[in-house]
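Read through the structure below, which is laid out as C-alpha cells, and then see the notes.
Everything numeric in this text was worked out from a predicted model, so none of it was measured.
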Amino acid sequence: MPTITYDGRVIALAPGQTVLEALEGAGVAVPYACRAGACQTCAVQAVSGSVPAAAQIGLSEPRRRLGVFLSCVCRPEEDLVVRAVDQGEDVPAFLVARERIGEVLVLRLGLGRGLDFRAGQFITLLRDDDIARPYSIASLPGEGEGAGELELHVRHLAGGAMSEWLAAAPIGAGLRVRGPFGECFYIDGEPSAPLLLAGTGTGLAPLLGILREALRQGHQGPITVIHGARDASGLYGLARLRALAAEHPNVTVIASALTGEAEGVVAEPIEALVLASAKAIADRAQARAYLCGDPGVVQRARRQLFMAGLAMRRIHADAFLPARAPA
Amino acid sequence: MQSIYEQIGGEAAMDAAVETFYRKVLSDERVAHFFDGVDMERQMAKQKGFLTMVTGGPNSYTGKSMRDGHRHLVARGLNDGHVDAIIELLGETLRELGVADNLIAQIAAVAESVRDDVLDRSPSA
C-alpha cells in the first residue's frame with residue numbers, strides 16, 4: 001500500500017482509504033466540506049509522487065502541474081509527499097547586483113539554498129525586520145551561480161518601505177525569500193499553442209520569465225509580447241525583448257506608452273493592443289494568455305480575451321497591487 | 001436511466017457550454033450589467049454550477065441557495081424579463097452545441113422551475 005509523508009511523518013494508507021481519511025486518522029486537521037471532490041476545500045499539494053487524474057478534476061492546469069489535488073477523493077497508487085497548498089519554503093538570500101533603468105531596479109539575488117520554482121511565479125521578499133513584499137521572478141530556474149539566483153524587477157517608489165531600501169542596500173545585504181507562489185508560468189507540452197503575454201510596468205518581470213522559458217523549451221507557436229508603460233521611459237525591458245525577437249522569428253514585441261516618444265513605440269492602450277493581437281490569432285481556442293501588472297488593465301484585458309474566444313481557463317492573470325500602510 | 005447531463009456529454013460538455021453561455025450573457029444588453037465588476041472566474045464557476053443543475057448533473061445548488069444568491073440582484077431590479085433572457089440564452093447555447101430540441105425543452109423547464117426562487121417570491125398559484 002502506498003504511503004503519504006506529511007510534515008516528515010510517514011503515514012500508511014489502508015486499502016481504499018483516501019488521503020484525507022489517512023491524514024485525519026494520523027491526527028492531521030485538513031479543512032474539508034463536501035467530501036465529494038467538488039468544493040476544493042480539502043486541496044493539498046503533492047511535492048513528490050503523482051496523483052490519479054480523478055483527484056484533480058476541476059482544478060486549473062497550473063494547479064494540476066504544481067501537484068495540487070483534492071484529498072477527499074484521492075486514492076493514490078504511489079507514495080506521495082504532501083503538504084499544505086502554497087506553503088512555500090524560506091530561503092536565505094543576498095543582493096548580488098542592482099541595475100537601475102528609469103524607475104525600475106533590476107535586482108539579482110543570490111540564494112543560500114536551492115529554490116524549486118517555475119519561471120513566472122513570485123516570491124515574498126522579507127527583510128530582517130519582517131517588512132515583506134511580493135515580487136515576480138524574471139529569471140529561469142538553474143540560472144546564476146551557487147545555489148541559484150533570482151532576477152526581480154522592483155519599481156522604486158518614493159517613500160516605498162522596501163523599494164527605498166533596495167535602491168540603496170549594499171551589495172551582499174541579506175534577505176529572506178519565501179515561496180514560490182502563483183500560477184502564471186509556462187505550461188509545457190503545447191509547443192504550437194499561440195501565446196499572448198501582456199503586461200504593464202514591472203508586470204514585465206514574470207512575462208520575461210515565461211517568454212524565456214517557452215523559448216528554452218523550443219516553443220514553436222507564435223508568441224506575442226505586449227508591454228505597456230505610462231511613459232516611454234518606463235519601457236525598461238524593450239532592448240531585451242527586441243533582442244529576443246531578433247533571435248526568434250516566432251516572437252513579436254509590441255511596446256506602448258501613453259506619453260513620451262520612442263522608436264517603434266505606439267500610443268494605444270494595452271487593452272486595444274491585446275484585443276487586436278487576439279483577433280489575429282487563428283486558433284483562439286488553443287491560445288494561452290498571461291496578463292500581469294495593473295489590476296484594472298489585467299481585468300479588462302482578461303474580459304476582452306474571453307469575449308474574443310480564448311478559453312477562460314487558458315487566461316492566466318497576476319494583478320500587481322501596491323502595498324498599503326495599515327489604517 | 002441517464003440524466004440529461006450525462007446524455008449531452010457530462011463535464012466536458014459543461015465546460016464547453018458554460019464558456020459559450022457566459023459569452024452570450026456578457027454580450028446581451030438585457031443582462032450584462034448584472035455582471036459588471038464581478039470576478040469572472042468565480043462567476044463562470046457559478047454558471048457551470050447552474051448549467052450542471054438544470055441538466056440534472058451532480059450539483060450543490062438548492063432552491064434556497066438560488067434565492068439567497070440572487071436577492072441582492074432583485075434589489076437592483078432583477079425581474080421576469082431578465083430570467084426570460086437567461087433562459088433564452090441558455091437555449092441558444094444548447095442549440096449551438098447540438099443538443100436535441102426535446103432535451104432543450106426539458107432543461108428550460110428545470111430553469112423555469114427555479115424562477116420564483118431566483119426572483120425571491122412565493123410560487124404563483
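- In this structure, the portion of B/M44 lying under 4.5 Å from any heavy atom of chain A is its side chain and not its backbone.
- Contact annotation for B/T20: neither backbone nor side-chain heavy atoms come within less than 4.5 Å of a heavy atom of chain A.
- Annotation: A/Y32, atom OH; neighbour count of heavy atoms from other residues, nucleotides and ligands within 6.0 Å does not exceed 12.
- Nearest heavy-atom pair across B/S27 and A/M307 is OG-CE, 2.9 Å.
- Of the residues considered (B/V18, B/L26, B/D39), B/L26 shows the highest number of contacts with chain A, using heavy-atom pairs under 4.5 Å.
- Taking both residues in full, the closest heavy atoms of A/R303 and B/F35 are given as NH1-O, 3.9 Å, listed atom of the first, atom of the second, then distance.
- At least one side-chain heavy atom of A/R313 sits less than 4.5 Å from a side-chain heavy atom of B/E19.
- Heavy atoms of A/A317 lying under 4.5 Å from chain B are absent altogether.
- Within a 6.0 Å radius of CZ in A/R230, other residues, nucleotides and ligands contribute 12 heavy atoms or fewer.
- Residue contact with chain B, scored on non-hydrogen atoms closer than 4.5 Å, is absent for A/I315.
- The backbone N or O of A/M312 sits nowhere less than 3.5 Å from a side-chain atom of B/E41 that would complete a donor-acceptor pair.
- More than 12 heavy atoms of other shown residues, nucleotides or ligands fall within 6.0 angstrom of atom CZ in A/R133.
- In this structure, B/E29 places its CD atom where only 12 or fewer heavy-atom neighbours from other residues, nucleotides or ligands lie under 6.0 Å away.
- For the atom pair A/F306 CZ and B/R23 CZ, the distance stands at 4.5 Å (nearest 0.5 Å).
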